[in-house]
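Positions are given from 1 along the sequence. Please read these numbers as outputs of a predicted model, since none were measured by experiment.
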Amino acid sequence: MTIQHRTVDIEAAAKLWSEGLSAAQIASRFVVSRNVVIGIAHRNRDRFPPRQKRKLALSRRERTRRPAERAPELQPEPEIPATAFDAERLKHAKPLHELTGRECCWPLNTGGPYLFCAAETTGRYCRNHHARSLPKKNEGKA
């Protein structure tokens, strides 16, 4: 039995729709595609009322939802104390946007505006700050 766009067939499909059958189940009874039933339902909205969302679908989503993983708490980094060298370099310090590629980018203060060493260097830090950035020999062993 194929569905026609006759009033009898539309009413039969609407009855099945009101009984709770899905568009695919109605389509299999009429030996048509699901899209045919959906098209008829769309054109005859007065006979095919919209359905309420099923609670089963919501519970299925809830069942598959993974609990949110908490990010590990970050430990505050130990503050590196300032030295006499840093106090001397503070006179020549520059903000980060003024540094060139050949100047030390070690921060000298803790609070804005941040100022950086700016001593001439061949790497990222000057000799003094490079030595301070490496761990002490006894520091890593506990």
Side-chain angles (χ1 to χ4, degrees), residues 1-83 85-87 89-142:
M1 167 173 138
T2 60
I3 195 166
Q4 300 289 324
H5 292 292
R6 296 182 304 182
T7 307
V8 176
D9 291 339
I10 293 172
E11 287 176 3
K15 183 176 183 236
L16 294 173
W17 182 271
S18 66
E19 291 174 2
L21 270 66
S22 69
Q25 292 169 331
I26 297 169
S28 67
R29 292 217 180 159
F30 286 101
V31 192
V32 294
S33 72
R34 177 179 157 268
N35 287 342
V36 170
V37 175
I38 292 172
I40 289 172
H42 181 73
R43 287 186 293 278
N44 298 287
R45 291 184 186 190
D46 56 325
R47 294 184 183 153
F48 294 83
R51 295 186 177 159
Q52 300 297 324
K53 293 192 178 191
R54 295 181 182 175
K55 292 184 179 180
L56 175 65
L58 293 175
S59 64
R60 192 177 302 147
R61 273 188 233 134
E62 289 172 1
R63 277 186 271 151
T64 58
R65 187 179 299 156
R66 292 183 182 173
E69 293 181 16
R70 290 187 175 194
E73 290 186 28
L74 297 176
Q75 299 296 326
E77 291 190 22
E79 193 161 318
I80 300 170
T83 61
F85 180 80
D86 290 344
R89 288 302 310 160
L90 201 52
K91 298 174 189 171
H92 308 286
K94 294 180 180 179
L96 184 63
H97 66 275
E98 291 180 13
L99 291 179
T100 64
R102 301 260 183 212
E103 292 177 324
C104 176
C105 59
W106 184 274
L108 297 176
N109 59 347
T110 56
Y114 292 102
L115 298 173
F116 297 85
C117 175
E120 288 295 319
T121 182
T122 57
R124 188 171 174 92
Y125 301 125
C126 64
R127 242 186 237 185
N128 183 295
H129 290 129
H130 180 73
R132 287 177 61 193
S133 69
L134 300 175
K136 306 275 189 273
K137 289 184 181 180
N138 296 334
E139 193 176 289
K141 299 176 185 174

Counting only N and O atoms by type, is there a donor-acceptor contact under 3.5 Å from the side chain of Asn44 to the main-chain atoms of Ile40? yes
Does Arg89 reach the main-chain N or O of Cys117 with its side chain, forming a donor-acceptor pair under 3.5 Å? yes
Among residues at least two apart in sequence or on other chains, which ones pass side-chain contact (heavy atoms from CB on, under 4.5 Å) with Ala14? Arg47, Phe48
In short, Cys104 meets Cys126 closest at the heavy-atom pair SG-N, 3.3 Å
Within the distance-only criterion (no hydrogens, no angle test), does the side chain of Asn109 pair as donor or acceptor with the backbone N or O of Pro113 below 3.5 angstrom? yes
Are the side chain of Ser22 and the backbone of Gln25 linked by a donor-acceptor contact shorter than 3.5 Å? yes
Decide yes or no on side-chain contact (heavy atoms from CB on, under 4.5 Å) for Trp17 and Ile26, but give the supporting numbers first. CA-CA 8 Å; Trp17 182 271; Ile26 297 169; 4.0 Å; yes
Straight-line distance of Glu103 CD to Glu98 CD, nearest 0.5 Å: 9.5 Å
Any ion pair linking Glu11 and Lys15 (charged N to carboxylate O, less than 4.0 Å)? no
Show your working on salt bridge (Lys or Arg N to Asp or Glu O under 4.0 Å) between Arg102 and Glu120 and close with a plain yes or no. CA-CA 6 Å; Arg102 301 260 183 212; Glu120 288 295 319; over 6 Å; no
Considering all heavy atoms, the nearest Ala23-Ile38 contact: CB-CG1, 3.8 Å
CZ (Arg132) and OG1 (Thr83) are apart, to the nearest 0.5 Å, by 4.5 Å
Distance-minimising heavy-atom pair for Leu108 and Phe116: CD1-C, 4.0 Å
Taking NE2 in His92 as the centre, count heavy atoms belonging to other residues, nucleotides or ligands within less than 6.0 Å. Is the count above 12? yes
One should read off an interatomic distance between Leu115 CG and Leu96 CG, to the nearest 0.5 angstrom, of 10.5 Å
From Ser28 OG over to Arg34 CZ, what is the distance, rounded to the nearest 0.5 angstrom? 12.5 Å
Please tell me if the side chains of Thr121 and Trp106 come closer than 4.5 Å, counting only heavy atoms from C-beta onward. no
Hey, mind stepping through Arg43 and Ile10 against side-chain contact (heavy atoms from CB on, under 4.5 Å) and telling me if it holds? CA-CA 10 Å; Arg43 287 186 293 278; Ile10 293 172; over 6 Å; no
